[in-house]
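Each remark here refers to the structure printed beneath this line.
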Amino acid sequence: MKGLLIKDFKLMKGQKNFFLAIVAIALAMITLSPGTSFAIGFLGFVGSLFSLSSISYDEFDNGNAFLFSLPITRKEYVLEKYTFGVLCGIASLFLGTLISFFSILITDKGNLREMFLTACTLLPVILLLLSIMLPFVLKFGGEKGRIAILGMMGFLFVSGILLTKIAEYMKIDFYPLVKRLSQIDPRVYILFFLFLAITALAVSCLVSQSILNKKEF
């Protein structure tokens, strides 16, 4: 798995112009809107999703057939993709947090506590995104996987609207519940969702292993 990680990090090094452009966009946005947490979410999401691009590069010109002729197992390949995605996500999130941190110190705009809470909240979100997207890309490939992900997101969006309409029709009021939940310490939310995200990531990894074991190259 170490060799696979080195391969993907070298691949990332080859995309340095792309990452410099992403960082430049984050710096430009934080300059135009100082005190915001735009850089944290933007860099965190882009960095974590680079693992999806690495799968597409592996598939290019039937590269997987050669890759799996090497002394690696499919389980190791899946574990490496999840590890790579998590490392990229955390590193990008940390970089975005640093940019926001120095922006607040220099401009004296924004709130450091809110910034750190935002960064901690986005970590489980990134882990959940990886747990959802990686199985789709491994199942359908790079291009078809993105279409499948968009279809799933659209389905969830429509389902959310339908549930809202049903709640309105049945005159279910969620405001008292939301008000009660808002009084709970944010750190409790973060730890709870982090636990859910790690659990989802573990289940997703097992699903991805099953998917890859059934594929033929």
Side-chain angles (χ1 to χ4, degrees), residues 4-58 79-138 142-143 145-146 149-150 152-153 156-157 186-187 189-191 193-198 200-201 204-205:
L4 291 172
L5 280 171
I6 292 172
K7 171 188 72 68
D8 282 342
F9 279 117
K10 284 187 176 292
L11 181 65
M12 178 186 286
K13 185 179 178 181
Q15 301 293 319
K16 61 182 179 181
N17 290 335
F18 167 75
F19 285 104
L20 287 174
I22 295 300
V23 173
I25 292 171
L27 289 171
M29 291 302 297
I30 207 76
T31 302
L32 294 172
S33 304
T36 63
S37 301
F38 171 82
I40 302 175
F42 180 65
L43 289 177
F45 289 130
V46 172
S48 62
L49 295 180
F50 186 78
S51 59
L52 305 183
S53 299
S54 71
I55 295 173
S56 298
Y57 283 118
D58 289 345
L79 287 174
E80 186 272 336
K81 289 304 174 188
Y82 278 79
T83 303
F84 181 63
V86 171
L87 288 176
C88 289
I90 291 175
S92 302
L93 196 68
F94 180 72
L95 177 60
T97 304
L98 277 181
I99 292 173
S100 295
F101 175 75
F102 285 112
S103 172
I104 291 172
L105 289 183
I106 293 169
T107 63
D108 200 27
K109 292 182 180 180
N111 186 292
L112 287 175
R113 183 175 181 273
E114 289 182 2
M115 182 204 70
F116 284 118
L117 282 176
T118 300
C120 292
T121 303
L122 284 173
L123 177 58
V125 174
I126 287 172
L127 296 181
L128 281 171
L129 277 175
L130 285 171
S131 67
I132 292 170
M133 293 183 175
L134 279 169
F136 276 96
V137 176
L138 287 170
E143 298 303 322
R146 292 187 183 94
I149 290 167
L150 288 174
M152 185 202 65
M153 294 298 182
L156 291 175
F157 179 74
R187 288 172 293 186
Y189 283 120
I190 292 170
L191 289 174
F193 284 115
L194 186 59
F195 172 76
L196 285 181
I198 292 173
L201 200 66
S204 172
C205 187

Side chain to side chain donor-acceptor pair (under 3.5 Å) partners for Ser204, two or more places apart: Tyr82

Compare every heavy atom of [Y] with every heavy atom of [X], then report the nearest pair and how far apart it is.
{"X": "Phe45", "Y": "Leu122", "answer": "CZ-CD2, 3.9 Å"}
{"X": "Ser92", "Y": "Gly47", "answer": "OG-CA, 3.2 Å"}
{"X": "Ile40", "Y": "Met115", "answer": "CD1-CG, 3.6 Å"}
{"X": "Cys205", "Y": "Leu79", "answer": "SG-CD2, 3.5 Å"}

Close side-chain approach of Asp8 to Lys81, heavy-atom, < 4.5 Å: yes

Heavy-atom side-chain proximity of Leu123 to Phe193 below 4.5 angstrom: no

Set of ring pair (Phe, Tyr, Trp, His ring centres under 6.0 Å) partners for Phe9, sequence neighbours left out: Phe84

Ring pair (Phe, Tyr, Trp, His ring centres under 6.0 Å) partners for Phe101, two or more places apart: none

[atom2] on [Y] to [atom1] on [X], rounded to 0.5 Å:
{"X": "Thr121", "Y": "Leu194", "atom1": "OG1", "atom2": "CG", "answer": "10.5 Å"}
{"X": "Arg113", "Y": "Thr118", "atom1": "CZ", "atom2": "OG1", "answer": "10.5 Å"}
{"X": "Ser100", "Y": "Leu105", "atom1": "OG", "atom2": "CG", "answer": "11.0 Å"}
{"X": "Leu27", "Y": "Phe102", "atom1": "CG", "atom2": "CZ", "answer": "12.0 Å"}

Under the side chain to side chain contact (heavy atoms under 4.5 Å, CB included) rule, collect the residues that match up with [X], sequence neighbours excluded.
{"X": "Cys120", "result": "Ile190"}
{"X": "Leu95", "result": "Val23, Leu43, Ile99"}
{"X": "Val86", "result": "Ile90, Leu127, Leu130, Leu201"}
{"X": "Ala200", "result": "Leu128, Ser131"}

Any pair counted as salt bridge (Lys or Arg N to Asp or Glu O under 4.0 Å), so long as it reaches residues 116-129, sequence neighbours left out: none

